[in-house]
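First listed ligand is number 1; within each ligand, the first listed atom is number 1. The figures here come from the full heavy-atom set of this structure, side chains too, leaving out hydrogens, waters and symmetry mates.
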Amino acid sequence: MHKLAVSAFALLVLAACAAPIPAFNAGTACEAESFTVIDGYAGARRGRCAVLAPNHVRLTILPEDDGYINPSPWYSFKLVPSAASEARVTLRYIGGKHRYIPKTSVDGLAWVPLDDENVRIRKKETHVDIELTLDDRAVWVSAQELVTPAIYDVWNRRTAANSDAELLLLGHSVGGQPIHCLVSNPTSKEVLFLVGRQHPPEVSGAFALFAFTETLLADTELANRFRERFQIISIPLLNPDGVLGGNWRHNLGGTDLNRDWGVFEQPETKLVAALLDQLDDSGEQLRVFLDFHSTDRNLFYTQDDTVPTEPAAFMRTLFANATPRLENYTFSDEAGPGKNPAVAKNYIYRRYGIPASTYEVGDESDRNAARAAAVVFAEELMKLMLEMPAPAPR
Ligand SMILES: [Zn+2]
């Protein structure tokens, strides 16, 4: 079932070079007889390496810091063969259980999930044995596709060049990486606001954000009409340091950014806070907010009837309209009161009373289906927003 090559970035990456290149501690290359394990690239996480046999190493995969980390154990490393062999890599997780099906790539762009028979999970999911047939090519092995800041950089610039959106620098992360947003129709007072990649491993959500944003910015009759009325602000990558470091959850400040809204202690969330204040000051009104993530299945976290939105039942109507058009994409609407005020969607709801949703794509959901679904959700969202009455001026 996982035989699909899951990347569509071949076109993007040819020019992926504009962001400053971060310095990595490449660690010590771990040499077995038939291959060497290396890290020291954007998104790598390899941990301590023990050579157990000429073709077998064990990697101890640890989270980025001692704070609470939700169980999303990211790993990414590269095997450089010295001879064709059957390679075996054991991952031993500390502080987490196996979650992501290993994906391999020989070019860093096209990824193929390993077959079940090559992945043996044991010891209550704290260990996994990965078996790979190596030829003379180096192979990346990664929890998810490597969608790094360099790829965002290319996607951002290409998307801005192909649309009426401007690419703006919002500011910088803890580690000094740029954080950008795409903005279309900045003179409109009604805003659709999108955020992505607060959590580094959540790559399937990134694919949805790309397709969703591209649909909003497309040269179609619907999208053009939408952009005549609405402003779009999309921040595709809020946690570049976490992505570069191969973090499980946090930013470089040891913080879960999606537990920092309203608190706004981290530079990344402070940038969002400043942007929201600026929108408020200039009389611009958020109408809908979406925050893109990944979890074990496709779902949306939304407001239930105890926390009514303006307009009422907006997301429920959106799902009813979108569902008949979806193929190979099932999802659930996890409506609730949204108790934690430091989660983005809950913060935005409390501040504005608008439909604010966490858009979660399954970790292993078919990438093409997730992209196609994002197109449908974006189209139905535009139709529904165009039906919204204009807001009362404040
Ligand atoms: Zn998340």
Side-chain angles (χ1 to χ4, degrees), residues 43 45 63-65 67-76 95-101 142-149 152 173-174 179 193-213 234-264 266 268-269 271-272 289-303 315 331-336 338-349 356-365 367 370 373-374 377:
R45 180 163 289 266
E64 56 271 21
D65 57 59
Y68 171 77
I69 306 250
N70 99 322
S72 41
W74 176 267
Y75 53 87
S76 185
K97 290 181 176 177
H98 182 64
R99 171 165 167 178
Y100 301 109
I101 295 173
S142 194
Q144 297 285 27
E145 302 88 334
L146 286 170
V147 180
T148 57
Y152 281 91
S173 64
V174 174
I179 295 175
F193 201 109
L194 313 179
V195 174
R197 209 74 186 275
Q198 297 198 70
H199 295 147
E202 299 182 5
V203 169
S204 61
F207 293 136
L209 178 138
F210 290 151
F212 199 99
T213 303
S234 178
I235 307 174
L237 172 59
L238 196 60
N239 187 0
D241 298 335
V243 172
L244 286 169
N247 287 5
W248 293 16
R249 187 73 169 180
H250 292 164
N251 73 339
L252 206 54
T255 298
D256 181 340
L257 293 179
N258 201 28
R259 302 292 182 274
D260 192 53
W261 289 58
V263 184
F264 296 134
Q266 297 301 310
E268 296 86 353
T269 44
L271 293 174
V272 179
F289 173 85
L290 296 174
D291 179 19
F292 290 77
H293 289 254
S294 306
T295 189
D296 60 347
R297 65 196 193 285
N298 304 324
L299 62 87
F300 290 83
Y301 291 114
T302 60
Q303 286 73 43
M315 294 302 289
F331 69 97
S332 57
D333 175 10
E334 308 278 331
K339 288 197 176 122
N340 186 338
V343 167
K345 86 166 201 327
N346 300 338
Y347 174 79
I348 293 291
Y349 173 76
S357 174
T358 314
Y359 184 141
E360 301 265 10
V361 180
D363 295 328
E364 309 297 348
S365 292
R367 299 325 194 213
F377 285 125

Enquirer: Does a side chain donor of either D256 or H199 reach within less than 3.5 Å of an acceptor in the other side chain?
Expert: yes
Enquirer: Sequence neighbours excluded, which residues qualify as ring pair (Phe, Tyr, Trp, His ring centres under 6.0 Å) partners of Y152?
Expert: F210
Enquirer: Is the shortest distance from a Lys or Arg side-chain nitrogen in E334 or R297 to a carboxylate oxygen in the other one below 4.0 Å?
Expert: yes
Enquirer: Ignoring hydrogens and geometry beyond distance, is a side-chain donor-acceptor pair present between E360 and N298 at under 3.5 Å?
Expert: no
Enquirer: Under 2.8 Å from the Zn ion (ligand 1), which protein atoms of type N, O or S occur, listed by chain and number?
Expert: H199 ND1, E202 OE1, E202 OE2, H293 ND1
Enquirer: Verify ring-ring contact (aromatic ring centres under 6.0 Å, His included) between F377 and F331, making sure each step is shown before the conclusion.
Expert: CA-CA 12 Å; F377 285 125; F331 69 97; 5.3 Å; yes
Enquirer: Can you find a pair of side-chain heavy atoms, one from V195 and one from F289, that are under 4.5 Å apart?
Expert: yes
